[in-house]
Amino acid sequence: MSADRSPRDPGEGVEPEGDAVADTAAVRPTVDRPAAPTDEPDEIEYVGDLIEDRDLTLHLPASLTMPVDLIADPSATPASAAVSSAARPSAVDAASPAQASVTDGTASDIAPAVIETADGAIVSASRATPAPARLGTTSVEIVTPRIVAETPEQPEVVPLPESFSGTRRERLRGEPSRAPEPASMLTAERLLDPRGSRRIRPEGFWQRLLFEVTFHLVNVGDSAEVRERKALEARIARAFEGGTRFVPVLTRKGGVGKTTVTTLLGMALADVRDDRVIAIDANPDRGTLSERVPKRTRSTVRDLVNHAPSITDYGQLSSHVSRDETRLDVLASDTDPMLSEAFDEDDYNVVADLVARYYSIALTDCGTGIVHSVMRATLQRADSVVIVSGGSVDEARLASETLTWLEANGYGALVRNAIVALNTGTQATNLVKLEEIEAHFRSRVREIVRIPYDPELAAGSVVRFRDLKPFTRESARHLAALVVDGLPTQRER
């Protein structure tokens, strides 16, 4: 039995022209098959593996530009459709039995369908896979990653100037430098021999004995007592900057040892310090400070005031002062009983301005009482004060009243920074409780120092610091260290 065939197309057998050839060639019996799986790895993963194994980025360009076609997603259209000949006869173009178009929506969105016939009857119509639609062409730039190793920052090396030419070993050997050396190259590390420290004799009986027995090979250092003394001297020798420090020594009652304390304090300072220390007798009446040191001049404060305009250096000033073995300079007060003009505030300011040029510390032995005109000029320049008290009841009470007067007249800061020198060489000291006097003053001032009885001081004549008892010298140094501790280190001139 032969199958019925559709009428031939009038144009059958005629070779199509132009675009018809391409359209006819496009209609081929095709069967949709799933894509065959491939074992080849993805190119991107493959290149990534190569980059991990070896640094291929060194051989790749910095960037690569390539054109890429943009194609619409074919899955947006239905995959297939079964069309019955009886139900949808109009969906097949009767003009061509071999070709037909299945229209579902827009005919341009799908490719021509393939018609399978049996004896001239349409059995089914399968929609072919839609042809991908080209949307355009764009360019994609692929940048090759560069693996850059981080290098640590190198410190900047400052070249040495020419004056530092030569190695350190050459300098230690004493070999001359190839260029002139500055004075800063003469350091203690370079010049001092570390082996020489062993040859310094220690202070202390057993320490020195061990040093001598071992032929200077074992040096255990100074004894504890010597180290304490050196630490005290270091406090006294503290350097100052910015002008002279003025320290008045005062009290409301005479005869309690004010001049003696001024002498001891000045000698303890001058014996340790490398700069100059002066003690000024500012008693408006007749003072006795100059009698505690060997007298080397007959000049007084009055002579210094008269010659002040002509003094231009320390050599001219030193002719008006007396100096003892500790290098303490003492400026005597007026001694002429026929002098009608007393030492006043203006005279003290002239002397203080002149002293401030050449001395680091100036002690002022104030006169009896605190209400005379010199006291005001003295307190205005004071950096610290020393209050002298005796060991009796009335002397301690008058010393406490001196502190009260200072607080009432606007010198409260000086009171809080004051040092009380408790002179135990006066009469009736053995009858009072010195601990109670110290407890009273400790609540008002910074510190208290006991000055013991010493025959060298009780004579009322020239005091030789080396002839004092060790405990007296130690008390004087302790007083000096406390005074220096309360003085400002830096101050504007």
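Everything numeric here is computed off the predicted structure, so don't read it as measured data.
- At most 12 heavy atoms of other shown residues, nucleotides or ligands fall within 6.0 angstrom of atom CZ in R298.
- Ionic pairing of R464 and E325 is not present here: no N-O contact between side-chain nitrogen and carboxylate oxygen is shorter than 4.0 angstrom.
- For D467, there are no salt bridge (Lys or Arg N to Asp or Glu O under 4.0 Å) partners two or more places apart in sequence or in a different chain.
- Partners of R473 by salt bridge (Lys or Arg N to Asp or Glu O under 4.0 Å), not counting sequence neighbours: none found.
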List, one per line, each side-chain donor-acceptor pair under 3.5 Å for residues 407-416, sequence neighbours excluded.
unit_1, atom_1, unit_2, atom_2, d
E407, OE1, R444, NH2, 3.2
N409, ND2, W405, O, 2.7

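- Residue pairs meeting the ring-ring contact (aromatic ring centres under 6.0 Å, His included) criterion with at least one partner in residues 302-335, sequence neighbours excluded, are H307-H320, Y314-Y359.
- Within a 6.0 Å sphere centred on CD of E401, heavy atoms belonging to other residues, nucleotides or ligands number more than 12.
- Residues E447 and R442 meet the side-chain proximity criterion, which asks for heavy atoms closer than 4.5 Å.
- Under the 4.5 Å side-chain criterion, counting only non-hydrogen atoms from C-beta, D303 is not in contact with V301.
- Partners of D454 under the salt bridge (Lys or Arg N to Asp or Glu O under 4.0 Å) rule, at least two apart in sequence or in another chain, do not exist in this structure.
- Qualifying side chain to side chain contact (heavy atoms under 4.5 Å, CB included) partners for D353, counting only residues two or more places apart in sequence or in other chains: R381.
- No more than 12 heavy atoms of other residues, nucleotides or ligands lie within 6.0 Å of CG in N430, so this atom counts as exposed by the packing criterion.
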